[in-house]
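Okay, structure first, notes after.
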Amino acid sequence: APPLTAGQRLRMIVGEYLAFLLTFVVVLPFERLWMPHDRLGPCPRPLVLVHGYGCSRGVWWWLRRRLEAAGHTVASVSLAPPYTSIGKLVPQLARRVEEVRRATGADKVVLVAHSMGGLVCRSYLARYGSESVERLVTLASPHGGSELARIGIGQNAREMEPNSLWLRDLGQEPLPVPAVSIRTPHDNYVMPQDS
C-alpha cells in the first residue's frame with residue numbers, strides 16, 4: 001500500500017474510532033432496529049456472516065443490505081457469550097450453518113468472517129471439515145494473533161495473543177476449503193498488520 005501522509009493517517013484513525021463508537025453505542029445496542037431476521041429462501045450458495053470479537057450479528061447491518069441488493073442470500077449468527085473461548089463458539093456456528101442449509105436447500109455455504117470470526121471459522125473447519133462449506137473469506141482476521149489482544153478481556157483475547165498455544169494448534173490444521181484472507185496494512189486492531 002502506498003505510504004500515507006500525516007493527514008491521511010489521522011483521518012483514517014479518527015474515522016476508524018468513530019466507526020467503533022457508532023457500532024458499540026448505536027448499532028449493537030439497538031441491533032433489532034437494523035437487523036431483522038435473516039431472509040432465507042431457496043438458494044444454491046448462501047453466505048453466512050460471522051462477526052468478530054465483542055460484537056454480534058448487528059455489526060453486519062450495512063454489508064448485509066449491500067450483499068442482498070447484489071442478489072445474495074445472506075445469513076448471520078450471533079456468537080455468545082462474547083468473551084469465552086473461541087472453541088466454545090464453534091458449535092453455535094455449526095448449528096447455524098446447518099439451519100441455513102436446511103432453510104435454503106443448499107448443500108454448502110460460503111463463510112464470510114471478520115476479525116476473530118475468521119478464527120472461529122477455521123476452528124469450525126478443523127472440527128467439522130468441509131462437508132457443509134464451499135469456501136472461506138476472512139476480513140482482517142488475526143491469523144497470527146494481535147498485540148492488541150494482550151489488553152483485551154476474556155479467554156478469546158488470550159487465545160488471540162501472538163504465539164498463543166491456541167493459535168499454534170490452529171495453525172497446524174490444514175484448511176480443507178479454498179480460502180481468501182483480506183487485510184490492510186493500516187489496521188489499528190490487528191498488530192502487526194501482517195498477522
TODO: Examine Leu139 and Val180 and state if one hydrophobic cluster contains both, with Ile, Leu, Val, Met, Phe, Trp and Tyr joined whenever side-chain heavy atoms are less than 4.5 Å apart.
DONE: yes
Task: Under 3.5 Å donor-acceptor, Asn156 side chain and Ser85 backbone - done: no
Task: Under 3.5 Å: donor-acceptor pair, side chain of Glu159, backbone of Ile86 - done: yes
- [ ] Answer yes or no: are there more than 12 heavy-atom neighbours, outside Arg150 itself, under 6.0 Å from its atom CZ?
- [x] yes
TODO: Could you tell me whether a side-chain N or O of Thr5 sits under 3.5 Å from a main-chain N or O of Gln8, the two making a donor and an acceptor?
DONE: yes
Task: Side chains of Ser132 and Tyr124 in contact at under 4.5 Å (non-hydrogen atoms) - done: yes
Open item on the list: Working note: Arg102 + Glu99, criterion salt bridge (Lys or Arg N to Asp or Glu O under 4.0 Å); need CA distance, chi angles, decisive distance, verdict.
Closed with: CA-CA 5 Å; Arg102 277 193 306 276; Glu99 290 168 1; 5.2 Å; no
Task: For Val177 against Leu125, the heavy-atom pair lying closest together - done: CG2-CD1, 3.8 Å
Open item on the list: I'd like to know if the side chain of Arg158 reaches the main chain of Ala149, judged simply by a donor and an acceptor atom lying under 3.5 Å from each other, with no hydrogens or angles considered.
Closed with: yes
Task: Close side-chain approach of Tyr128 and Val97, heavy atoms under 4.5 Å - done: no
- [ ] Could you check if a side-chain atom of Ser146 sits within less than 4.5 angstrom of a side-chain atom of Met160, using non-hydrogen atoms only?
- [x] no
TODO: Starting at SG of Cys121, measure out to CZ of Arg135 and round the result to the nearest 0.5 Å.
DONE: 14.5 Å
Task: Euclidean distance, Ile13 CD1 relative to Leu4 CG, rounded to 0.5 Å - done: 9.0 Å
TODO: Indicate yes or no for a side-chain donor-acceptor contact from His72 to the backbone of Pro46 under 3.5 Å, with no hydrogens or angles considered.
DONE: no
- [ ] Any chance you could measure Glu161, atom CD, to Trp166, atom CH2, to the nearest 0.5 Å?
- [x] 13.0 Å
TODO: Starting at CG of Leu40, measure out to CZ of Arg101 and round the result to the nearest 0.5 Å.
DONE: 13.5 Å
If you look only at distance, which donor and acceptor atoms sit under 3.5 Å apart when one is on a side chain in residues 20-33 and the other is two or more places apart or in another chain?
from	atom 1	to	atom 2	distance (Å)
Thr23	OG1	Ala19	O	2.8
Glu31	OE1	Ser56	OG	2.3
Glu31	OE1	Gly58	N	3.3

Open item on the list: What's the separation between atom OG in Ser76 and atom CG in Leu67, rounded to the nearest 0.5 Å?
Closed with: 11.0 Å
Open item on the list: Parallel, tilted or perpendicular: which one describes the rings of Tyr53 and Tyr83, with boundaries at 30° and 60°?
Closed with: perpendicular
Task: Pair Arg65 + Glu68, salt bridge at N-O below 4.0 Å - done: no
Side-chain donor/acceptor pairs under 3.5 Å, residues 104-117, sequence neighbours excluded:
from	atom 1	to	atom 2	distance (Å)
Thr104	OG1	Val100	O	2.7
Thr104	OG1	Ala106	N	3.3
Asp107	OD1	Arg45	NH1	2.9
Lys108	NZ	Ser130	O	3.2

Task: Test item: Arg127 side-chain N/O and Gly87 main-chain N/O as donor-acceptor pair under 3.5 Å - done: yes
Open item on the list: With heavy-atom distances below 4.5 Å as the criterion, would you say the side chains of Leu167 and Leu119 are in contact?
Closed with: yes
Open item on the list: Taking Leu49's backbone N and O only, do any of them form a donor-acceptor pair with Arg64's side chain (distance below 3.5 Å, no angle check)?
Closed with: no
TODO: With rounding to the nearest 0.5 Å, note down the distance linking CD in Glu98 to CD in Glu131.
DONE: 7.5 Å
TODO: State, yes or no, whether a side-chain contact exists between Asp38 and Arg96 at a heavy-atom distance under 4.5 Å.
DONE: yes
- [ ] Identify the heavy atoms of Leu79 and Gln92 that sit nearest to each other, and give their distance.
- [x] CA-OE1, 3.4 Å
Task: Any donor-acceptor N/O pair, Ser78 side chain to Arg57 backbone, under 3.5 Å - done: yes
Open item on the list: Any carboxylate oxygen within less than 4.0 angstrom of a Lys/Arg side-chain nitrogen, looking at Arg122 and Glu173?
Closed with: no
TODO: State, yes or no, whether a side-chain contact exists between Leu136 and Leu175 at a heavy-atom distance under 4.5 Å.
DONE: yes
TODO: Say whether Val90 and Val77 are linked into one hydrophobic cluster, either directly or through other cluster members, by side-chain heavy-atom distances under 4.5 angstrom.
DONE: yes
Open item on the list: Please say yes or no: joined through hydrophobic side-chain contacts below 4.5 Å, possibly via intermediate residues, are Val120 and Val137 part of one cluster?
Closed with: no
TODO: Verify the cluster assignment for Val59 and Tyr17: are they in a single hydrophobic cluster under the rule of side-chain heavy atoms below 4.5 Å apart?
DONE: yes
